[in-house]
Amino acid sequence: MSGDREHRESQVNCGSKGNDSHKHKDKHREHKHKDHKKDRGHERSKHNSEHKEHSEKKHKDKLKHSDGSDKHKDKEKRREDKVKLSHTDKPKKEKENGYVRHSSPGIKSEPEEDNGFHPVSKHKASKRELDDEEFDYKPKKVKTEHDKKEKKRKHEYEEEDEEEEDIKPKKTKDRSAKDGKKNKKEEEEKWKWSCWINWFMNTIASLPSDFSGILTNRRLQARLLVSASSILSRRWEEERYTDGSKWRFLEHKGPVFAPPYEPMPDKVKFFYDGKPMKLSAPAEEVATFFAKMLDHEYTTKDIFRKNFLKDWRKEMTPEEKSKITDLNKCGFSEMSSYFKAQSEARKQMTKEEKQKIKEENERILQEYGFCIMDKHKERIGNFRIEPPGLFRGRGDHPKMGMLKRRIRPQDIIINCSKDSKIPKPPTGTKWKEVRHDNKVTWLASWTENIQGSIKYIMLNPSSRIKGEKDWQKYETARRLKKCVDRIRNQYREDWKSKEMRIRQRAVALYFIDKLALRAGNEKEEGETADTVGCCSLRVEHIKLYPKMDEQEFVVEFDFLGKDSIRYYNKIPVEKRVFKNLQLFLENKQPEDDLFDRLNTSILNKHLQELMDGLTAKVFRTYNASITLQQQLKQLTCGDDSDPAKILSYNRANRAVAILCNHQRAPPKTFEKSMQNLQTKIDDKQSQLSTARKQLKSAKSDYKASHDEKSQKTVELKRKAVQRIEEQLMKLQMQATDREENKQIALGTSKLNYLDPRISVAWSKKYGIPIEKIYNKTQREKFAWAIDMAEKDFEF
DNA sequence: TGTTGCACTTAGCACCGTAGAG
DNA sequence: CTCTACGGTGCTAAGTGCAACA
C-alpha cells in the first residue's frame, strides 16, 4: 500500500529548478509602469471588460483535468499531474494571530455582501492599456483608520477582556453549569468553571493520601471547593496577561522518549554483495530504517538513496564504511520480511495481549500526557519525542532519505515554572537546559537535524491557551469583515498607482483575497521542495490569456503550493489587473519573481496599516468563514431531512475546501467502495418496492376484512416502507457526498479556517445534533464555541 | 533593509480500531 | 464470528509572521 498516493497529481518531477538565478529583484528596476507595451495578446481589447468573474463557481465545479497546453519552455520542470482542481474563484482568507477585539456577539454589519466576490466593478474599462491616468491618483489613504492607534497589539489581552469583563466573579456554585440560557458571557464562564472544578477535583485526588484522607468528608470538600473557587475564579479572570506572558504556573513530567533500538536477531541477516554481513548496532539500526521502507516508492528515488547512503555511512565503523559503498549491493530483504512478519504477529495477538498494550499506553498517557498550566490540567499535544528514522519530505525534497537522528535527553530543553516540580530526565542523563520562560507556550523543545529547526512539545488544541488563540484568530477575521470593503477599494485604487511596488502589492493582495492564496514567504533554495505562495510566484507560474473561450483577461495559475500540492486555476480577472500582470512580466525570465518588488513582510506591513492585526493569512480565514456562512444560508432548507441538511453542510464545507485548495489523494479503495455503495442502494430500492407491494396488499386485505389484525399489518407495513425510504435516502445522500468528496479534504478547513461558531449556530438553528458535524476531538477543540454560540450567531 | 531565529499554525498521510456487512 | 471499509488519531513536515539582529 503505501506507495502510490504520493504521486498524486501534484508532484512535480524533479526538474531542475535549480536555477539559482533568481533574486534579481533589482534588475528589473526599470520598469516604468507607464509604458505598457507588451500586450502580448494582440487585440487591445477595446471592449469594456465586463468581468464575468465568478461566473461559474458553484460548489460543483471543482476538479478537472489539466490540459497542459502550452508549456513553458523554461526549465523542464513539468509536472505530470493530471488532475487538478480548478476552482472557481471565490476568495478566502485566513488569519491567525489576531488580537481579539470585542467579540461582540452579533455584529452583523454587512449582510453578506462579501462573499468574497468582489463587486467586480463595472468600471467600464474605458481606455485601453492602463488607463491609469484617467483616474485621479490619490495618495492612498493608508493611515486612515482610527483603529490602528487605539489598539496596540500589546493590549491584546486586555482587549479580550472586554468580553470577559462582564463576567463578574459570579457566584461560586457550579450551579451555573445547569440552568441554561444565560447569555454568552455566562456561558463562557461556565466553561471556565467546569475547567477549574475539574482541576480542583484532580488536585484533591492527587494529594498525598494522608492529606486526602482529611478530604474524604464530602461536606468539607464542598466547602473547600466553594472558598477556593472564589479565590481562584478571580485569578482566572485575571488570566489575560498584559505583559505578553502566557502562563504563571506550568508543571509537567517531560517528554516520553522513543524506545531504544533492539538489535536484530542473529538469524536475520543483512547481505552485501550477496554475502551475509554482520553490522554494528548503529549501522544496523539505520539499515532497518531503510528496510522498513523498502516497498515505499521513494526508496527508488536517486536523491533518497544518495542521501541515505551518505548518512548511513556516517554511522558505520571504519571497516563497514570501507566495505559498503554501493547501495545497490545491499540486501535488506531478510530484514524487511522480518518486520513484515512482526507486524503480522502484532495483528495476530490475542485480545488480552492487545488489551495489555492498550493499558500500558493509557498509563503513559495519564502520566506524561497532561500538564498543569495555571490551575488547569491540560492535555499535551505531542508528548512523545519523534523517533529516529529517515526523513521523508513532501514533494521533491532535496533532503529526502537523510537520517533523522535519535533525540536524547541532553538534546532537550525543558520549559516549566520555577515553582513547579521539575521533570526528571531518565536515570543517568541530563536535560540540555531547564528554563522558565513564560513568554512562550511550549513545554519542551529540541533542534532537529535535517533543517536545523526547532521542534516543540505544546498543548493539545482543546487547551485553554490554544482555544483562546483560536478564538482571537476568528475575531480578527471578523474585524476584517468590517473593513474589507474599504481595503478592496483601496487595492483597486492602487492598481493605478505610479509606483511599481504599490501596484505589485495591490495585485498580490487581490490574489490573496480573491483566490485565498497563501502569503508566500521566501524559502531557502535547495533546502526544501520548490513550492511557492503569492508573493513568491514566479513568471513561469502564470499564463495570461487576453481571451479564452468566452472570457477575457484570463489568468492561468499552475504552481506547487504548501506540501507540494498543485494549485491549478484559470480565472478571469479585471482588465486592470491583467494589464498590470503584463507589465510585471516584461523582460523577465520564467524563473524570475513575478512580484519582484514585493515580499511578505512588505505586504504585511501594509496590511497592518490598514487594520490592526491584519496579515495576509487573515484573508484566508475570513474568506473561508464567510463562504461557509453564506453557503449554509444558501443551501440549507429547513424542510429537508436531517441527512439532507448534513449534506448541505458538507457541501458548504466543500466549497471552502475548494477555495482553499485542500486536496487529498483519492482513497485507494474509492472506486470499489463507491460500487459497494451503489449495490446497497440498488438492493434498498428493490426492498422498497417489495415493501410497497406488501403495503398495498395489506391495505386491500384490510379493506376486505376490516379486522383489527389486518389494520395492524397495514400500520406495520406503512412503517416499514417509511423506514426503507429513509434508509434509501440516507444511502443516496452518502453516495453523493462521497462522490463529491473524492479528492477534496474537508478536515483542514474545518479544523483551521471555519469559525466553529458558525457551525454551532447552524446546528442549533436546524436542530442537528452537534455530534453529526463534529466528532469528539473536534468538539473538544471547539468547546469554547459550542458553549458560546447561539443559533443567531453571525460571523 | 535584509537576514535569521523562533514560535506557533496549518497540512496531508499512515495507521489502527471498530462498526457494520456478510 | 470474521472481514473490511471508514473515520479518527497521531505524526511530523511545511507554512506564516514577528522581532532581534546585522
Side-chain angles (χ1 to χ4, degrees), chain A residues 1-6 8 10 23 25 94-98 153 246 296 343 346-347 354 358 361 365 381-387 389 391-395 397 399-400 404 415 437 439-442 445 447-448 450-456 458-461 465-466 469-470 473 518-524 527-529 531-536 560-565 599-605 607-608 613-618 620-621 660-665 667-670 672-674 676-677 679-680 683 734 738 743 745-749 751-753 774-778:
Chain A
M1 34 280 277
S2 39
D4 20 342
R5 44 177 62 317
E6 61 181 13
R8 144 255 245 35
S10 27
K23 253 60 220 183
K25 304 210 129 187
E94 64 185 63
K95 78 27 99 308
E96 181 36 331
N97 20 261
R153 49 148 76 349
K246 307 283 173 51
H296 207 295
S343 90
R346 225 173 301 128
K347 270 186 220 148
K354 284 183 178 167
K358 205 170 160 190
N361 280 336
L365 171 68
N382 54 326
F383 56 91
R384 288 173 198 276
I385 300 285
E386 297 173 17
F391 176 79
R392 316 137 92 117
R394 297 180 191 155
H397 198 115
K399 298 191 173 179
M400 64 169 77
K404 218 169 84 157
N415 193 32
D437 180 359
K439 299 281 193 287
V440 298
T441 66
W442 50 268
S445 70
T447 301
E448 155 270 337
I450 304 288
Q451 313 279 2
S453 64
I454 306 174
K455 300 260 192 170
Y456 302 93
M458 290 183 184
L459 297 192
N460 193 75
I465 205 155
K466 296 282 187 191
K469 199 84 190 295
D470 207 35
K473 168 177 87 180
R518 294 187 183 82
N521 281 318
E522 284 150 81
K523 312 170 53 176
E524 226 170 309
E527 297 290 296
T528 60
T531 62
V532 298
C534 187
C535 296
S536 50
L560 296 184
K562 181 175 177 180
D563 293 324
S564 293
I565 295 292
N599 60 37
T600 52
S601 95
I602 295 173
L603 178 64
N604 282 334
K605 204 168 282 175
L607 292 174
Q608 180 61 36
L614 185 61
T615 63
K617 190 166 165 250
V618 181
R620 242 165 109 87
T621 309
C660 294
N661 200 35
H662 291 143
Q663 296 188 45
R664 63 167 184 172
K668 285 185 282 272
T669 55
F670 186 83
K672 186 151 150 252
S673 84
M674 225 33 215
N676 291 345
L677 196 55
T679 329
K680 275 193 219 165
D683 289 353
Q734 214 182 335
R738 196 181 297 172
Q743 30 189 190
L746 301 186
T748 305
S749 49
L751 238 38
N752 300 303
Y753 291 105
Y774 286 146
N775 66 28
K776 182 155 96 44
T777 316
Q778 293 167 158

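No experiment lies behind these values; they were computed from the predicted model shown. Naming: A, B, ... by sequence-line order, numbering from 1 per chain.
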Query raised in the report: Picking from C:dG17, C:dA14, B:dA7, which would you name as closest to the side chain of A:H397?
Result: C:dA14
Query raised in the report: Hey, is the side chain of A:N604 poking within less than 4.0 Å of OP1 or OP2 on C:dG17, counting only N and O atoms?
Result: yes
Query raised in the report: Would you say a side-chain N or O of A:R394 is under 4.0 Å from OP1 or OP2 of C:dT12?
Result: no
Query raised in the report: Hey, mind stepping through A:R392 and A:H296 against side chain to side chain contact (heavy atoms under 4.5 Å, CB included) and telling me if it holds?
Result: CA-CA 11 Å; A:R392 316 137 92 117; A:H296 207 295; 4.1 Å; yes
Requested in this report: Kindly point out which of B:dA7, C:dA13, B:dC8 is positioned nearest to the side chain of A:E386?
Outcome: C:dA13
Query - Phosphate OP1/OP2 of C:dC18 contacted by A:S601 side-chain N/O (<4.0 Å) - result: no
**Report entry** Nucleotide of B:dA7, B:dT10, C:dG15 approaching A:T531 most closely (side-chain heavy atoms)
**Finding:** C:dG15
**Report entry** Side-chain donor/acceptor contact of A:K455 with base of C:dT12 under 3.5 Å
**Finding:** no
Query raised in the report: Does A:K523 have a side-chain nitrogen or oxygen under 4.0 Å from the phosphate oxygens OP1 or OP2 of C:dT16?
Result: no
Query raised in the report: A:K469 and A:T441: side-chain donor and acceptor closer than 3.5 Å?
Result: no
Query - Closest nucleotide among B:dC8, C:dT12, C:dG15 to the A:K404 side chain - result: C:dT12
Query raised in the report: Which sits closer to the 5' end of DNA chain C, A:G561 or A:L614, going by the nucleotide each is nearest to?
Result: A:G561
Report task. Can you sort out the partners of A:S453 under side-chain contact (heavy atoms from CB on, under 4.5 Å), two or more places apart, ordered by chain and number? Result -> A:E448, A:Q451
Query raised in the report: Which nucleotide, B:dT9, C:dA14, B:dT10, lies nearest any side-chain atom of A:N752?
Result: B:dT10
Query raised in the report: Between the side chains of A:N604 and A:T615, is a donor N or O closer than 3.5 angstrom to an acceptor N or O?
Result: no
Report task. Would you tell me if any nitrogen or oxygen in the side chain of A:H662 comes within less than 4.0 Å of OP1 or OP2 on B:dT10? Result -> no
Report task. Verify the contact: side-chain N or O of A:T615 to OP1 or OP2 of C:dG17, cut-off strictly under 4.0 Å; return yes or no. Result -> yes
Query raised in the report: Does A:N521 make a side-chain N or O approach to OP1 or OP2 of C:dT16 shorter than 4.0 Å?
Result: yes
Query raised in the report: Within the pair A:K246 and B:dC8, is there a side-chain N or O less than 4.0 Å away from OP1 or OP2?
Result: yes
Report task. Kindly say if A:Y456 contacts the phosphate of B:dT9, meaning a side-chain N or O under 4.0 Å from OP1 or OP2. Result -> no
